[in-house]
*Asks:* 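This is the structure I want to talk about, given as structure tokens.
In what follows, every chain begins at residue 1, and chains take the letters A, B, ... in the order their sequences are listed.
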2 protein chains.
Amino acid sequence: MTSPLKTHDKIRHAAAALFAERGYSGTSMSRIAERVGIRKASLYNYYSAKEELLLDLLEESLQSWEDSCRLSLVAGGSAEERLSGHLLAVIDFARKNPQKVGIVRLAATQVGGKLGRRIAALIEKHEQHSLPLLSRFFSEAKANGDVDATDEDLLLFWSVFVDGILINQLFATPKAEHYVNRLPELWRLFWRGVSGEEPDRELKG
Amino acid sequence: MTSPLKTHDKIRHAAAALFAERGYSGTSMSRIAERVGIRKASLYNYYSAKEELLLDLLEESLQSWEDSCRLSLVAGGSAEERLSGHLLAVIDFARKNPQKVGIVRLAATQVGGKLGRRIAALIEKHEQHSLPLLSRFFSEAKANGDVDATDEDLLLFWSVFVDGILINQLFATPKAEHYVNRLPELWRLFWRGVSGEEPDRELKG
DNA sequence: CCTACCGATCGGTAGG
DNA sequence: CCTACCGATCGGTAGG
């Protein structure tokens with residue numbers, strides 16, 4: 001019973017796909033319009049400029065990513081269970097929404113100019129929601145003796161670990177499944193690093 | 001006694017800086033020429049097309065990266081010393097050559113079309129030099145009991161770790177120094193993950 | 001949502 | 001290494 005997409009949503013989908021594939025400058029408004037099946041000028045009924053279209057997509061990508069991953073971290077269970085659950089949520093989101101991750105990656109690399117500054121501000125705004133949550137998680141885990149390092153180092157190691165997985169999943173596209181299949185092993189090495197001990201149970205995806 | 005740069009080198013420097021900042025499509029041949037101080041048409045005495053310019057820069061970046069990091073892995077010392085030395089070499093190269101790393105990142109994201117295929121082929125060619133070296137390192141380390149995981153998992157965990165650090169260093173540019181200062185702590189967590197034991201000595205950059 | 005159009009700029013070539 | 005130029009396309013607007 002899926003109703004046909006409204007034009008505005010078709011624009012979002014077409015633009016997300018093209019931006020993620022070809023980059024911001026590499027994607028023209030005409031090509032987006034062509035994929036939607038309308039004329040370029042009609043796009044300007046929905047967005048006043050190409051820049052606004054990208055920022056709308058970025059905002060939505062960041063928001064839905066945050067929404068998909070926040071809960072897992074504050075759910076019940078041991079620190080190990082909660083953090084591994086969070087990892088699975090992040091990876092799962094990236095697998096199911098490669099274009100949204102692509103938009104975030106694209107935006108993050110667009111550092112120059114006014115557009116770059118607006119993007120940086122948007123990303124920072126969202127980090128102010130997600131980082132404190134992680135920070136609190138690690139301090140509690142440390143207080144409980146579940147992990148063995150300062151909160152700051154744990155947060156850093158976590159960022160490195162997650163970003164590294166995402167990058168490898170995103171770039172080595174033909175081998176992306178390979179990485180996902182190896183998550184339990186990667187998790188074992190990661191958890192041994194942060195806790196100094198073997199994980200209690202194997203990660204299951 | 002640094003002699004003035006020849007035009008060809010000026011072109012390479014200007015193009016690398018602009019590509020790294022603005023991306024491939026976001027950088028025009030006129031702008032490159034402008035920064036060099038010549039006319040756009042003159043660029044075509046050095047490169048037959050914009051595409052060739054990017055590929056030349058990419059080849060050179062990959063080659064000099066490889067040259068800077070290969071030795072550290074096959075030097076003398078314990079497995080821990082060699083791998084941590086290799087990590088320092090990689091990070092140090094990235095710090096000193098942000099534009100070269102930027103070119104590689106840019107190129108890796110350019111997946112579509114004929115250009116994307118040529119880039120992928122170039123990157124794959126270079127991986128055929130570097131990956132076997134790492135692979136052999138991990139198998140020997142495992143045979144010696146220095147690490148505790150399969151070679152394949154170690155290689156994967158290593159890639160994730162290094163790429164994660166590079167990404168965080170590249171993107172969170174204002175805080176890049178912060179990451180570099182935390183390398184010893186990150187290394188400790190990483191090494192505990194791969195070996196199951198505390199490192200013998202602190203990493204020194 | 002369209003046709004018709006704007007000035008600017010794109011990558012690249014001719015010819016010297 | 002230059003001037004002069006090419007056709008194509010860019011983001012965006014006017015007006016309906």
*Asks:* Is there a side-chain contact between B:Tyr46 and the phosphate of D:dC1, meaning an N or O under 4.0 Å from OP1 or OP2?
*Replies:*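 True: B:Tyr46 side-chain N/O within range (under 4.0 Å) of D:dC1 OP1/OP2.
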*Asks:* Please step through salt bridge (charged side-chain N to carboxylate O under 4.0 Å, His left out) for the pair B:Lys142 and B:Glu152, ending with a clear verdict.
*Replies:* CA-CA 11 Å; B:Lys142 179 163 164 44; B:Glu152 216 179 352; over 6 Å; no
*Asks:* Side chains of A:Ile165 and B:Asp163: does their closest heavy-atom pair fall under 4.5 Å?
*Replies:*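 They are not in contact (no side-chain heavy atoms under 4.5 Å apart), so the answer is no.
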*Asks:* Does B:Ser48 make a side-chain N or O approach to OP1 or OP2 of C:dG12 shorter than 4.0 Å?
*Replies:*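 Answer is no, no contact under 4.0 Å.
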*Asks:* Do B:Glu185 and A:Leu156 have side chains that approach each other closer than 4.5 Å (heavy atoms only, starting at C-beta)?
*Replies:*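 No; the side chains remain at least 4.5 Å from each other.
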*Asks:* Just to be sure I follow the notation: if a pair is Watson-Crick (purine N1 to pyrimidine N3 plus N6-O4 or O6-N4) or a G-U wobble (N1-O2 and O6-N3), each under 3.5 Å, what dot-bracket string does DNA chain C give, with | for pairs to another strand?
*Replies:* ||||||||||||||||
*Asks:* Rounding to a whole Å, what distance do you find between A:Asn45:CG and C:dT3:P?
*Replies:*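 Nearest whole value for this atom pair: 14 Å.
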*Asks:* Of all the choices, C:dG11, C:dC1, D:dT3, which nucleotide is nearest to the side chain of B:Met29 once you look at every atom?
*Replies:*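 Of the candidates, C:dG11 comes closest.
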*Asks:* Do A:Lys50 and A:Tyr24 meet the cation-pi criteria used here (NZ or CZ under 6.0 Å from the six-membered ring centre, within 45° of the axis)?
*Replies:*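 Yes, A:Lys50 sits over the ring of A:Tyr24.
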*Asks:* Measure from the side-chain heavy atoms of A:Ile38 and tell me the nearest of D:dC2, C:dC2, C:dG11.
*Replies:*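 Closest nucleotide among those given: C:dC2.
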*Asks:* Do B:Asp67 and B:Gln63 meet the criterion of a side-chain donor-acceptor pair at a distance under 3.5 Å?
*Replies:*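 Their side chains do contain a donor-acceptor pair, which is all the 3.5 Å distance test asks for.
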*Asks:* Would you say that A:Leu83 contacts A:Leu87 through its side chain, given a criterion of any heavy-atom pair below 4.5 Å between the two side chains?
*Replies:*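 No, their side chains stay 4.5 Å or more apart.
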*Asks:* Answer yes or no: does a side-chain N or O of B:Tyr44 lie under 4.0 Å from OP1 or OP2 of C:dA14?
*Replies:*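 Answer is no, no contact under 4.0 Å.
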*Asks:* Taking any heavy-atom pair under 4.0 Å as a contact, classify B:Ala49: base, sugar-phosphate, or nothing.
*Replies:*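 Here B:Ala49 touches the backbone only, sparing every base.
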*Asks:* Count the heavy atoms of every other residue, nucleotide or ligand shown that sit under 6.0 Å from NE2 of A:His13, and state whether that count exceeds 12.
*Replies:*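 No, because the 6.0 Å sphere around NE2 of A:His13 holds 12 heavy atoms or fewer from other groups.
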*Asks:* Where the side chain of B:Arg39 is concerned, which of D:dT3, C:dG12, C:dT3 is the nearest nucleotide?
*Replies:*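 In terms of side-chain proximity for B:Arg39, the closest of D:dT3, C:dG12, C:dT3 is D:dT3.
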*Asks:* Between A:Ser30 and D:dT9, is there a side-chain N or O to OP1/OP2 distance below 4.0 Å?
*Replies:*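 Indeed not, no polar side-chain atom of A:Ser30 lies that close.
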*Asks:* Using the side-chain heavy atoms of B:Lys50, tell me which of these nucleotides is nearest: C:dT13, C:dG11, D:dG12.
*Replies:*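 Among the listed nucleotides, the one closest to the side chain of B:Lys50 is C:dG11.
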*Asks:* Take atom CG of A:Leu43 and atom P of C:dC1, then tell me their distance rounded to the nearest Å.
*Replies:*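 It is 9 Å, rounded to the nearest whole Å.
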*Asks:* Does a nitrogen or oxygen in the side chain of A:Ser28 sit under 4.0 Å from OP1 or OP2 of D:dC10?
*Replies:*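 Yes, such a contact exists.
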